[in-house]
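Worksheet: one structure, shown below.
When reading the values below, keep in mind they use all heavy atoms of this one structure, side chains included, and skip hydrogens, waters and symmetry mates. Throughout, protein chains are lettered first and strands after them, A, B, ... in sequence-line order, and every chain is numbered starting at 1.
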Protein chains: 2
Amino acid sequence: MSGADQPEGTARRPSRQRSAVLALLDDLDGFSSAQDLHALLRERGDAVGLATVYRALQALVDDGQVDVLRGADGEAAYRRCSPVHHHHLVCRSCGTTVEVADPPVERWARQIAAEHGFADVQHQVEVFGTCRACTTAGPVVS
Amino acid sequence: MSGADQPEGTARRPSRQRSAVLALLDDLDGFSSAQDLHALLRERGDAVGLATVYRALQALVDDGQVDVLRGADGEAAYRRCSPVHHHHLVCRSCGTTVEVADPPVERWARQIAAEHGFADVQHQVEVFGTCRACTTAGPVVS
DNA sequence: GTGTTCATGAGAATCATTCTCGCATAGCCG
DNA sequence: CGGCTATGCGAGAATGATTCTCATGAACAC
């Protein structure tokens, strides 16, 4: 456990299963849980073990090719995303996701951290809401 | 899961255990996991069941008296906090937490959401870093 | 004071995630 | 070219946090 395992992101042996996971993520729009992805792969005919899905997902997250989000229930949700830094605007009803880049927030986070003497800053920003389609179509039943 | 259970936050019967949890959180500075809180209560002599700690924590979160944060491992961490909206600056080494209020980010989140037609907006902003004390004292071994 | 209701506590149950171990395959060496 | 070795895979067990169940005890209502 010394931290950095692979010198670079692509030091792993290529495999059909890994590509299948990435391909599936490419086809999906919103965030999906690891269990869902596993079930979908099975339906597609790409038989992949559950443990392998987790391994592939972790590798992809390490590589920065996939974003991970923790829902309120602690379940991890994954999504293919652009490698550049960005944040998400997620519809809490239909799961649609919009990627947003935002220099002001980046700057603000760095500044706040610097003011308090914090270094090596990371920040995590997610915005949840109900998209227009869901607002008009299906208001939450009370 | 019909949504609103209690009409108002204080509809629960008061109890020694619930106060003990809140009192303990008052004494602690950073975020603590439910399991840690349970162990600490035991050490203090306030014998409280683990399930009760979880129940009390959920109630307090519902009331907005406690903040919950999900670590990278999915474990929930709780912390007593002011009832007004704010965000956190957390030291990833020693756990020290600074509450930061920030109108600009609030405005930014609302604006971004509005631009994309999202309503009923919530946002989640956490900034992680290494505080000055930890930076000078114990740099991370590579 | 008595009955009813709600919270508690201990342990079992659940669920996502990780680990173990044996097997298959890919790449490399002789 | 054949065999060797490391690495990834798969299935199921193990782990660990959180939630549920149900019987007991305490608090409120009358």
Side-chain angles (χ1 to χ4, degrees), chain A residues 1 4-24 31-63 65-79, chain B residues 1-2 5-24 31-63 65-79:
Chain A
M1 305 296 171
D5 319 289
Q6 306 299 132
E8 265 322 297
T10 321
R12 296 177 192 87
R13 197 177 290 186
S15 84
R16 178 183 61 79
Q17 289 87 347
R18 188 145 338 179
S19 326
V21 171
L22 196 53
L24 175 57
F31 281 88
S32 317
S33 73
Q35 311 269 347
D36 284 347
L37 292 171
H38 176 237
L40 286 170
L41 282 172
R42 281 280 156 104
E43 286 180 17
R44 278 194 162 195
D46 280 317
V48 175
L50 178 57
T52 304
V53 173
Y54 278 103
R55 275 187 290 237
L57 249 18
Q58 280 176 344
L60 290 168
V61 169
D62 284 351
D63 263 19
Q65 300 181 58
V66 162
D67 256 5
V68 59
L69 209 62
R70 295 259 172 195
D73 54 353
E75 201 169 351
Y78 301 85
R79 179 174 190 273
Chain B
M1 307 274 201
S2 12
D5 318 290
Q6 306 296 132
E8 264 323 297
T10 322
R12 295 177 194 89
R13 196 176 290 188
S15 84
R16 178 183 62 80
Q17 290 85 347
R18 190 149 332 189
S19 328
V21 171
L22 195 54
L24 175 58
F31 282 87
S32 316
S33 74
Q35 310 267 349
D36 284 348
L37 292 172
H38 177 236
L40 285 170
L41 284 171
R42 281 278 156 105
E43 287 180 15
R44 276 193 163 197
D46 281 316
V48 175
L50 179 56
T52 303
V53 173
Y54 277 102
R55 275 188 289 238
L57 249 18
Q58 280 176 345
L60 290 168
V61 170
D62 284 350
D63 263 18
Q65 301 181 57
V66 162
D67 256 4
V68 59
L69 208 63
R70 296 258 172 197
D73 53 354
E75 199 170 352
Y78 302 86
R79 180 174 189 273

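In this structure, L50(B) atom CG and dA13(C) atom P are separated by 17 Å, rounded to whole Å. The distance from atom CD of Q17(B) to atom C1' of dC6(C) is 12 Å, rounded to the nearest whole Å. Rounded to a whole Å, the CZ atom of R13(A) is 9 Å from the C1' atom of dT5(D). The separation between D73(B) atom CG and dA16(C) atom P is 17 Å, rounded to whole Å. Distance, Y54(A) OH to dG12(D) P: 16 Å, rounded to whole Å. Between the CG atom of L41(B) and the P atom of dT8(C) there is a distance of 12 Å, rounded to whole Å. Distance NE2 (H38(A)) to P (dT17(C)): 13 Å, rounded to an integer number of Å. To the nearest angstrom, C1' of dT20(C) lies 10 Å from CZ of R55(A).
Put simply, the side chain of R42(B) gets close to the backbone of V48(B): a donor and an acceptor are under 3.5 Å apart.
L22(B) approaches Q65(B) most closely through the heavy-atom pair CD2-OE1, 3.6 Å. When all heavy atoms of D46(A) and A20(A) are compared, the pair lying nearest together is OD2-CB, 4.0 Å. Of all non-hydrogen atoms in S33(A) and E75(A), the two that sit nearest each other are CB-OE2, 3.5 Å.
Below the 3.5 angstrom threshold, one finds no donor paired with an acceptor across the side chain of R16(A) and the base of dG8(D).
Summary of the strand contacts: P14(B) and A76(B) both lie near DNA chain D, and taking for each the nucleotide with the nearest heavy atom, the more 5' one is attributed to A76(B).
Across dA11(D), dC20(D), dT17(C), the shortest atom-to-atom separation from the side chain of A51(B) is found for dC20(D). Listed candidates were dT8(C), dA7(C), dT18(D). Nearest to the side chain of T52(B) is dT8(C).
Here Q58(A) reaches the OP1 or OP2 of dT18(C): one of its side-chain N or O atoms lies under 4.0 Å away. Between S15(A) and dG8(D) there is no side-chain polar atom (N or O) within less than 4.0 angstrom of OP1 or OP2.
One distance of note links CG of L37(B) with CD of Q35(B); it measures 9.5 Å at 0.5 Å rounding.
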